[in-house]
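What follows is a single structure, written as structure tokens, with notes after it.
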Amino acid sequence: PVYTKAALPTSVTVADATSDKLIFNITPSNANDVEPQYKIIIKNKASGVTAQETSWSRNTSHVEVMGLTPGVEYEVW
């Protein structure tokens, strides 16, 4: 079988942020006619340890990541 990778999203923005939650808006690209899939990984900036990871999302424009620890600095992957 031949597989085609989905195109990268045209934009990813933080729609809302609280002390324990991030909400992302994603604008998908269907440039190569492949249904887009997204996964967001949140890592502790100091240790590099993954704090939260979403499952693969299909054809969605809204991703919510909850369960973050207030006062901890994170990086989004």
Are any of the side-chain heavy atoms of [X] and [Y] separated by less than 4.5 Å?
X	Y	result
Asp20	Met66	no
Asn44	Val72	yes
Thr13	Phe24	no
Ile26	Val63	yes

Above 12 or not: heavy atoms from other molecules or residues under 6.0 Å from NZ of Lys45? no
In chain order, what residues pass the salt bridge (charged side-chain N to carboxylate O under 4.0 Å, His left out) check against [X], with sequence neighbours excluded?
X	answer
Lys43	none
Glu64	none
Lys21	none

Donor-acceptor pair, Ser61 side chain versus Asn25 backbone, under 3.5 Å? no
Flag yes if [X] and [Y] sit in one hydrophobic cluster, no otherwise; membership is Ile, Leu, Val, Met, Phe, Trp, Tyr, and two members link when side-chain heavy atoms are under 4.5 Å apart.
X	Y	result
Tyr74	Ile40	yes
Leu68	Val14	yes
Val49	Val76	no

Distance from Ile42 atom CD1 to Thr54 atom OG1, nearest 0.5 Å? 8.0 Å
